[in-house]
Amino acid sequence: MRISVPREIKPEEARVGLTPTMVTSLTAQGHEVFVEKGAGLGAGFSDDDYREAGAQLTSQEEAWAQAELLVKVKEPIPAEYGFLRSDLTVFTYLHLAASRELTEAMLDSGVTGIAYETVRVGRTLPLLRPMSEIAGRLAIANAAHHLQFHAGGSGILLGRVPGVVPSTVLVIGGGTVGEHAARAAVGAGADVTILEANGDRIRQLDALFPHARVLMSDAHRIEEELPRADVVVGSVLIPGAAAPKLVRREHLSLLKPHALMVDVAVDQGGCFETTHPTSYHDPVYEVDGIRHYCVANLPGAVPVTATQGLTHATTPYVMRLAGGIDAALESDAALATGLSTRGGKLHTPGVAETFPDLPSAV
């Protein structure tokens, strides 16, 4: 099979879909691998590393044109829509429910899209988990920075010092992102509350965090907890679907004037009604006097670590797809759950529910 890795051109994205080690494994099995020049530089891999692994170095256009299977990290952006075609399979994060424009481009082209974020093994999301772990930790690291006075914050330390009331962190959603955000916040000494709606998960979190409050999440509880928070972390995920809007605009009046809202669910549309995506270049904005930090794609800040974490998880799936797309989807139930678009139709229930007027096979 002809497998390509383009250079990511989404702003502030430097991860890469295949490492040289993966290229070596693929070429040893007789596959042709094409890597766009410079694709791995931000992740710590030179063009020579890929060449020595057996890849052919190409331009952007050639990388897309040569591919039967294209392995990316982030969803195609408008400048790449013209490369999509019906005989191409794209394996990457897609987050279709957050973008009708991208969804329509995928459907119009007929491309087969397989989304990392919806590949499911039992109740786990193995290709989303490593990035969620990083995103949770970065949410707290960035919150700590933006609470500081010189960063425009109110001058509160995210943590605890003797004799001073600690900062309070409210984590809404106790999945992987929420767990790792709570780990980082508890480690800093903050007073942490986690809200979670699943009873079994609440018991797990209660055992993991004996020094945090773990409470059942509902609309009333959110309204009760918001006034206590110096930092609110939104980390709610419904695989493949748009995130629910759990904090509405009218709730902002409940918050302390200096509170900081951090929406890690922004890639799926955000779980705050007032969320819109920002970037590391311009990360914070205000709504009704409340500062919002809604940087999309948080793991992009640490491309070396994030690439290694991601590719450790994706490698076995890439190897299966390289053996044949149809065979891989038929034989691997987990991989099949990642199928998002094919033949101009949607295959992910959550996306089909978000865009009920678009062609669907579910």
Side-chain angles (χ1 to χ4, degrees), residues 121-126 128-148 153-239 243-244 246-247 251 254-256 258-265 271-272 293 298-299 302 305-306 309 313:
V121 177
R123 296 185 63 179
T124 68
L125 302 168
L128 187 60
R129 185 176 184 88
M131 297 304 95
S132 296
E133 292 169 348
I134 292 172
R137 292 179 179 274
L138 285 175
I140 297 302
N142 286 295
H145 172 75
H146 286 280
L147 286 176
Q148 295 176 28
S154 57
I156 293 175
L157 176 70
L158 195 152
R160 182 188 303 268
V161 294
V164 179
V165 175
S167 60
T168 57
V169 175
L170 174 64
V171 179
I172 304 176
T176 303
V177 170
E179 175 186 335
H180 283 262
R183 284 185 187 277
V186 168
D191 179 352
V192 177
T193 298
I194 308 166
L195 301 185
E196 169 57 40
N198 180 278
D200 290 338
R201 182 59 174 162
I202 286 173
R203 290 175 176 83
Q204 293 173 355
L205 292 167
D206 195 62
L208 285 171
F209 296 104
H211 301 296
R213 300 162 73 230
V214 183
L215 305 175
M216 175 64 72
S217 182
D218 56 37
H220 178 68
R221 180 63 67 183
I222 291 172
E223 291 182 6
E224 281 194 336
E225 294 299 324
L226 285 173
R228 298 182 64 248
D230 297 305
V231 176
V232 181
V233 178
S235 57
V236 177
L237 172 70
I238 299 175
L246 298 182
V247 178
H251 289 144
L254 300 174
L255 291 160
K256 300 174 183 178
H258 64 253
L260 177 68
M261 307 270 284
V262 181
D263 197 342
V264 191
C271 60
F272 307 151
Y293 181 95
L298 283 173
V302 288
T305 299

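A quick note: this is a predicted structure, and the numbers were derived from the prediction, not measured.
When all heavy atoms are compared, the tightest approach of A135 to L298 is O-CD1, 3.6 Å. When all heavy atoms of A259 and A229 are compared, the pair lying nearest together is CB-O, 3.7 Å. Scanning both residues, E224 and P227, for their nearest heavy atoms gives O-CD, 3.3 Å. The shortest non-hydrogen separation linking S167 to L158 is OG-CA, 3.4 Å. Nearest heavy-atom pair, P126 versus A313, reported as atom, atom and distance to 0.1 Å: O-CB, 3.6 Å. The nearest pair of heavy atoms linking D263 to C271 is OD2-N, 2.9 Å.
Remark: side-chain polar atoms of R221 are not paired, donor with acceptor, to backbone N or O of L195 under 3.5 angstrom. A donor-acceptor pair is defined here as one N or O able to donate and one able to accept, closer than 3.5 Å; such a pair exists between the side chain of S235 and the backbone of G173.
Note that CZ of R201 is 8.5 Å distant from CD1 of I194, once rounded to the nearest 0.5 Å. Taken from CZ in R137 to CZ in R183, the straight-line distance is 6.5 Å, to the nearest 0.5 Å. Here the CG atom belonging to D206 is positioned 12.5 Å from the CD atom belonging to E196, to the nearest 0.5 angstrom. Once rounded to the nearest 0.5 Å, the distance linking CD of Q148 with CG of L157 reads 8.0 Å. In this structure, M261 CE and F272 CZ are separated by 4.0 Å, a value rounded to the nearest 0.5 Å. Atom CZ of R203 and atom CG of L208 lie 14.0 Å apart (nearest 0.5 Å).
For R213, the side chain to side chain donor-acceptor pair (under 3.5 Å) partners at least two apart in sequence or on another chain are T193, E225. Checked against side-chain contact (heavy atoms from CB on, under 4.5 Å), R129 has the following partners two or more places apart in sequence or in another chain: E133, T176, E179.
Two residues are said to be in side-chain contact when any heavy atoms from C-beta on lie closer than 4.5 Å; L237 and V177 fail this criterion. Residues L170 and R228 are not in side-chain contact: their nearest non-hydrogen atoms beyond the backbone lie 4.5 Å or more apart. Two residues are said to be in side-chain contact when any heavy atoms from C-beta on lie closer than 4.5 Å; N142 and V262 fail this criterion.
Screening V171, T168, I222, I172 against V232 for a side chain to side chain contact (heavy atoms under 4.5 Å, CB included) leaves a single residue, I172.
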